[in-house]
Amino acid sequence: YEAKRRHGGVCAYDPSLDTGDTSRLTLQSELRQGIERGELVVFYQPKIDVATRRPCGAEALVRWQHPTRGLLGPDAFIPLAEESGLIDMVTADVLDQALAQLGRWTELGHQLPVSVNVPARSLTDEAFPETIVAALARHGVPPKLLTLEMTESAVVTDMERAGEVLRRLREHGVHISIDDFGTGYSSIAHLRDMPPHELKIDRSFVMKMCENSRDETIVRAVVDLAKNLRLRVVAEGVENEDALRALGDLGCDEAQGYHISRPLPAAELTAWLGRSEMAITAG
Ligand code: C2E
Ligand code: MG
Ligand code: MG
Ligand code: MG
């Protein structure tokens with residue numbers, strides 16, 4: 001249990017899941033079934049406003065409660081879902097659960113915007129904005145309370161269509177974030193051609209920013225870039241108080257990481273929100 005705890009409550013990546021076509025196909029059909037049976041579970045990791053330290057949002061992070069393999073983290077099945085086209089079902093399920101949860105938090109008096117992860121290739125689906133808008137309407141959630149965190153795990157070839165889909169999402173009032181900024185295929189050109197509302201600095205730059213001056217320089221540069229472009233900037237992977245303070249000095253808006261809280265089941269995050277409000281009132 002402790003070993004699981006250290007990995008944010010999920011099993012570490014199991015390389016046996018990646019061997020051979022047979023087990024991949026097995027896992028693929030298990031995933032389809034699993035989604036239909038409601039085996040996807042959403043954990044939530046809070047974000048805080050760096051200046052006030054108040055909770056200012058939560059990121060929905062999917063896990064798969066596999067019938068025999070235990071609780072699997074996204075790295076164990078998201079790449080497979082992306083290859084097999086099941087990713088749209090995953091996105092729809094996570095979105096649905098996250099918006100329902102947002103509604104419950106609202107009823108409890110917590111105004112908590114929620115972020116959902118979406119692979120950039122979904123932007124080549126022209127029906128995507130309508131899917132999002134329909135889900136918001138179904139749950140009665142104002143669009144501005146939803147942020148879509150775009151991750152690029154592959155090159156998006158049809159940039160023109162992606163730009164159009166993003167533009168329509170923005171028009172509807174949904175917020176757009178570029179996740180893992182500075183890694184993978186995410187490009188500075190997007191900031192010019194498809195401006196987001198928010199940049200999320202990849203955790204690989206943030207985790208050791210107080211020990212590694214190159215990391216700190218990169219974080220500073222991204223914060224400055226975001227500020228100059230009038231974008232909000234979020235640091236993920238904040239693992240200690242030094243990093244949180246340093247981010248405050250650099251003017252970073254929001255922080256997320258193990259130092260603040262690990263990703264938690266919804267009920268545990270509700271309790272965490274209650275405690276953090278008491279701490280703020282007391283302080
Ligand atoms: P991400 O969107 O960049 O999410 C942040 C990841 O960093 C999460 O891993 C979180 O548990 C981890 N993390 C948070 N704080 C810290 C910290 O202080 N230190 C360290 N070392 N790690 C921290 P997780 O939950 O395993 O998710 C991994 C990735 O899987 C996510 O990266 C995201 O790209 C993807 N993912 C998660 N949920 C979904 C989903 O519903 N749909 C899609 N398409 N992808 C998802
Ligand atoms: Mg994310
Ligand atoms: Mg990220
Ligand atoms: Mg990341």
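Note that ligands are numbered from 1 as they come in the structure, with each ligand's atoms numbered from 1 the same way.
For the pair Asp93 (side chain) and Met89 (backbone), a donor-acceptor distance under 3.5 Å is absent.
With the Mg ion (ligand 3) as the vertex, OD1 of Asp179 and OE1 of Glu236 span 120° to the nearest 10°.
Between Asp180 and ligand 1, a contact under 3.5 Å exists for at least one N or O pair. Geometrically, ligand 1 and His259 share no nitrogen or oxygen pair separated by less than 3.5 Å. Checking only distances, Val62 does come within under 3.5 Å of ligand 1, N or O to N or O.
Each of the following atoms of ligand 1 lies closer than 4.0 Å to a heavy atom of Gln45: 10 (C), 14 (C), 15 (N). Atom numbering of ligand 1 starts at 1 in the shown order; those under 4.0 Å from a heavy atom of Gly257 are 15 (N), 18 (O). Within the listing of ligand 1, atoms 1 (P), 2 (O), 3 (O) sit less than 4.0 angstrom from a heavy atom of Asp179. Near Val94, meaning under 4.0 Å from one of its heavy atoms, ligand 1 places the atoms 41 (O). Close approach of ligand 1 to Ile87 (heavy-atom distance below 4.0 Å) involves ligand atoms 44 (N). Contact atoms of ligand 1 toward Pro119: 44 (N) (distance under 4.0 Å to a heavy atom of the residue).
Note that CG of Asp202 is 10.5 Å distant from CG of Asp215, once rounded to the nearest 0.5 Å. Between atom CZ of residue Arg203 and atom OH of residue Tyr258 there is a gap of 6.5 Å, rounded to the nearest 0.5 Å.
No side-chain heavy atom of Gln45 sits under 4.5 Å from any side-chain heavy atom of Glu236.
Remark: Arg262 does not engage Glu268 in a salt bridge, criterion side-chain N to carboxylate O under 4.0 Å.
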Starting from the C-alpha separation in whole Å, work towards a yes-or-no answer on salt bridge (Lys or Arg N to Asp or Glu O under 4.0 Å) for Glu130 and Arg168.
CA-CA 9 Å; Glu130 275 59 54; Arg168 272 156 62 208; 2.7 Å; yes
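Side chains of His175 and Glu198: no donor on one and acceptor on the other come within 3.5 Å. Under the 3.5 Å distance criterion, with hydrogens and angles disregarded, no donor-acceptor pair is assigned to the side chains of Asn212 and Glu216. A donor atom on one side chain and an acceptor atom on the other are not found under 3.5 Å apart for His66 and Glu39.
When the N, O or S atoms of Glu59 are ranked by distance to the Mg ion (ligand 2), OE2 comes first. Closest N/O/S atom of Asp180 to the Mg ion (ligand 3): OD1. Residue Glu149 approaches the Mg ion (ligand 2) most closely through its N/O/S atom OE1.
Using a 4.0 Å heavy-atom cutoff, Gly237 is listed among the residues neighbouring ligand 1. Ligand 1 does not have Glu82 within reach: every non-hydrogen atom of the residue lies 4.0 Å or more from it. Using a 4.0 angstrom heavy-atom cutoff, Glu59 counts as in contact with ligand 1. For the pair Thr91 and ligand 1, no heavy-atom separation below 4.0 Å is found. The closest approach between Val90 and ligand 1 stays at or above 4.0 Å for every heavy atom of the residue.
The six-membered or imidazole ring of Trp105 lies near that of Tyr44, with a centre-to-centre distance under 6.0 Å.
Among Ala81, Ser204, Pro74, the residue whose heavy atom sits closest to atom 37 (C) of ligand 1 is Pro74.
At a threshold of 2.8 Å, the Mg ion (ligand 2) has no backbone or side-chain N, O or S atom of Thr151 nearer than that distance.
Using bins of under 30°, 30° to 60° and over 60° for the plane-to-plane angle, the ring pair Trp64/Phe77 lands in the perpendicular bin.
When each of Val133, Leu146, Ile132 is checked for a side-chain contact (heavy atoms from CB on, under 4.5 Å) with Leu169, only Ile132 meets the rule.
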